[in-house]
Amino acid sequence: MDQYSLQLLRSAVRDVMDFPQPGILFKDITPVLGNAALLKMTVQGMAEVVKGQHVDKVVGIDARGFIFGAMLAVELGCGFVPARKKGKLPWRTKGVDYALEYGTASLELHEDAINPGENVLLADDLLATGGTASAALELIQSMHANILGSVFFIELEFLKGREKVEGYGPVYSLLTF
Ligand code: AMP
């Protein structure tokens, strides 16, 4: 993606102080989602990272990862798999507990959502400490998928989340702060 487009995207991300807790500078992506041109640029930019590779499934993380992940799956012509918070998926699940930038949580996948050997790309809105993404990647790996990597709209570099996820495959982000 060209520098001008990246600059447009960067300036559309809104900083919200002290949300959802004091001390957190929340990156609000809704101004990007609400703009047709920026939304398209984002999806196309995220899809570029796996250009020329066959992708079977995009796994998107609850909840903003569903938005990016599902759009990305349509763009790539592959399936979408939701990694959901504990207790939300109706069928048999595999789960993992993990630590967040603010709090703790659990993620689950349907146990039949990914077949062994499938080419899987992980997608989420933002990479912070990497706890969420590495939990999802651990689950995906336990299903014997071929992990193509992880793609994020935003990476908060100072939190060094990349160090937690790059062991599973290449890490891509459109914007870094
Ligand atoms: P982490 O596990 O620390 O990498 O946190 C990543 C998840 O938390 C992502 O799914 C984000 O949606 C959310 N998140 C964490 N920190 C922020 C932030 N500063 N602004 C927006 N979302 C965040």
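Remember, it's 1-based here, ligands and their atoms both numbered in the order they're listed. The model shown is predicted, which means the values in this text are computed figures rather than measured ones.
- For ligand 1, none of its N or O atoms has an N or O atom of Tyr98 under 3.5 Å away.
- The Arg64 neighbourhood of ligand 1 comprises atoms 11 (C), 12 (O), 13 (C), 22 (N), with distances under 4.0 Å to a heavy atom of that residue.
- With Phe26, Phe153, Phe152 as candidates, the residue nearest to atom 22 (N) of ligand 1 on a non-hydrogen basis is Phe26.
- Each of the atoms 9 (C), 10 (O) of ligand 1 lies under 4.0 Å from some heavy atom of Asp124.
- Taking every heavy atom of Thr129 and a limit of under 4.0 angstrom, the matching atoms of ligand 1 come to 1 (P), 2 (O), 3 (O), 4 (O).
- For ligand 1 and Leu25, the ligand atoms under 4.0 Å from any heavy atom of the residue are 18 (C), 19 (N).
- In terms of polar-atom proximity, Leu156 is not counted as a contact of ligand 1, lacking any N or O under 3.5 Å from an N or O of the ligand.
- Of all atoms in ligand 1, listed by their number and element, those nearer than 4.0 Å to a heavy atom of Thr132 are 1 (P), 2 (O), 5 (O), 6 (C), 7 (C).
- Proximity of Ile61 to ligand 1 is not established, as no heavy-atom distance is less than 4.0 Å.
- Look at Lys27 and Asp15 and you find a salt bridge, because one of the NZ, NE, NH1 or NH2 atoms lies within 4.0 Å of a carboxylate O, short of that distance.
- For the pair Ala133 and ligand 1, no heavy-atom separation below 4.0 Å is found.
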side-chain hydrogen bond (donor to acceptor under 3.5 Å, both in side chains) assessment of Lys94 paired with Ser142
CA-CA 9 Å; Lys94 266 192 114 160; Ser142 76; 3.3 Å; yes

Report the C-alpha separation of Arg92 and His110 in whole Å, then their side-chain angles, then the decisive distance to 0.1 Å, and conclude whether the side-chain contact (heavy atoms from CB on, under 4.5 Å) test is met.
CA-CA 6 Å; Arg92 292 195 207 123; His110 272 154; over 6 Å; no

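- Put simply, the side chain of Arg14 reaches to within 4.5 Å of the side chain of Thr30, judged on heavy atoms.
- Here the closest non-hydrogen pair linking Ser134 and Tyr168 is O-OH, 3.8 Å.
- Shown here for Ala12 and Leu38, the closest heavy-atom pair between the two residues is CB-CD1, 3.5 Å.
- Between Phe26 and Phe19, the ring planes are perpendicular. Angles over 60° get that label, and only those under 30° would be called parallel.
- Polar contact check, Leu127 against ligand 1: no nitrogen or oxygen pair lies under 3.5 Å apart.
- Cation-pi contact between Arg10 and Phe177: present, with separation from the ring centre below 6.0 Å and deviation from the ring axis of at most 45°.
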